[in-house]
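The block underneath contains the structure these notes are about, expressed in structure tokens.
Per chain, numbering begins at 1; letters A, B, ... match sequence-line order.
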There are 2 protein chains.
Amino acid sequence: MLSGKMSDQYKEELKKRGFRLTSQREIIIRTLIENSGKHCSVNDLRELAQAEDPTIGIATIYRTVNLLSRLGLLNLVNMEEGFYRFELPGQKMHFHLYCRICGKVIHMEDETDKEATVKKWVEEEAFHFLPQTLEIAAVCDECHRNFPENNIAGPPCSGFGHGRMGGHGRGQGGRGRWR
Amino acid sequence: MLSGKMSDQYKEELKKRGFRLTSQREIIIRTLIENSGKHCSVNDLRELAQAEDPTIGIATIYRTVNLLSRLGLLNLVNMEEGFYRFELPGQKMHFHLYCRICGKVIHMEDETDKEATVKKWVEEEAFHFLPQTLEIAAVCDECHRNFPENNIAGPPCSGFGHGRMGGHGRGQGGRGRWR
DNA sequence: GTTCTTGCAAACCTTTTGCAAGCAC
DNA sequence: GTGCTTGCAAAAGGTTTGCAAGAAC
């Protein structure tokens, strides 16, 4: 089946770069591929992977996802939930539009046209295009109508709107600041 | 000066919705406005605000930023660093293009044209447009040339590429999952 | 046999929260 | 005076890491 092919591709990529093929990595990759429509989080991945091998540890999930990410084999999707979700690159782009006030998310129309536009933008900068999910913030009509009259946040406020921010372990690398 | 006007606007917005004007909130708002080109993080904000009033606590920064965010007065920018940065809405959009492999970030050209395109997309969905920074992932030419031959990540890999993921306190609300 | 990987548990770090004191109105 | 806000310190919770045991090659 399709996912067999896909996962072979991933495994070859790993091998080619000198990484070992462990059963854990196989399971995680397969899980990622079989659930590629779902934007799995680390926790989703853990549950799915542990259904196949309950001994897989969370650290292995993180390390594998990190590895695939660094190899360019996995995209991060930020839903402003306080953690990332994943998607395989090399598929169609998706466009999410979410309301800054109430948090509602919709899938935008005409993704193919929009993808072509983004691709053009990227290539104009001499970068190589990578299909991904783009999240655009806006205000839905309902919230816009109710807006300045209503007190939309009963104090004490928290949660950065609907999203949350991120903590993480010891930093290193990173993409530099500003500019 | 300009920032005086801006901050009056913010203060009025707070008052109008029944929130109190404290000296801490004033400082944080002023700092945000005076550094609006810089995409400050909570830590940047803390340093800047504490230069004016060393007793301001980090919790107040978070609570204020949360409040402004819920009121639609502040946008979150995710640089995949493991925490958010902030920007004031109501300004020009910015477009960042970053390399998925090496993490390099560039500012894209023709932001005005691109902004018009995004505005059109948003309004086609009957949402109200909000200027913001959009981050687009891609692969830079250099990394693309070096790509499959090089082992770009010496094991053990970590850091989700160059970015990091997020942890957070107790959740609540949220934007739902998938779909 | 050597070197990379894993699992566990502890460490990290950002963000949130409980609570008593303080301040805005 | 009432009740929102603040600061502190502790808790929360996602992610990373040190290390010894195990697996891939």
key: 5' precedence on DNA chain C between A/I58 and A/T64 (nearest-nucleotide basis)   = A/T64

Sugar-phosphate or base contact per nucleotide [nucleotides 19-25 of chain C; S, B, -; heavy atom under 4.0 Å] = -----BS

key: Single hit among A/R17, A/K15, A/K11 for salt bridge (charged side-chain N to carboxylate O under 4.0 Å, His left out) with A/E13   = A/R17

query = Expressed in angstrom and rounded to an integer, what is the separation of B/E81 atom CD from D/dT16 atom P?
reply = 14 Å

task = Identify whether any heavy atom of A/I56 sits under 4.0 Å from a base atom; if not, whether one sits that close to sugar-phosphate; answer base, sugar-phosphate or nothing.
result = sugar-phosphate

ask   = Of the non-hydrogen atoms in B/V122 and B/H128, which two are nearest, and what is the gap between them?
value = CG1-C, 3.9 Å

key: Result of checking B/L68, B/L48, B/T64 against B/L32 for side-chain contact (heavy atoms from CB on, under 4.5 Å)   = B/L68

key: Gap between atoms CG and C1', on B/L67 and D/dT5 respectively (whole Å)   = 11 Å

request  = Give me the ring orientation class for A/F95 and B/W121: parallel if the planes are under 30° apart, tilted from 30 to 60°, perpendicular past 60°.
outcome  = perpendicular

ask   = Tell me: CZ of B/R17 to P of D/dC4, nearest whole Å?
value = 18 Å

query = Atom CD1 of B/I61 and atom C1' of C/dT16: how far apart are they, to the nearest Å?
reply = 15 Å

query = Taking CZ from A/R46 and P from D/dG13, how many angstroms apart are they, rounded to a whole number?
reply = 14 Å

request  = Return the value, rounded to whole Å, for the distance between atom OH of B/Y84 and atom C1' of D/dG14.
outcome  = 13 Å

key: A/F129: partners by ring pair (Phe, Tyr, Trp, His ring centres under 6.0 Å), with sequence neighbours left out   = none

query = Can you list every pair that meets salt bridge (Lys or Arg N to Asp or Glu O under 4.0 Å) and has a residue in residues 117-133 of chain A, with sequence neighbours left out?
reply = A/K119-A/E123

Integer-rounded Å distance: D/dC4 C1' and B/Q24 CD = 12 Å

message = Just the rounded figure in Å: distance from P of C/dT5 to CG of A/N66.
response = 13 Å

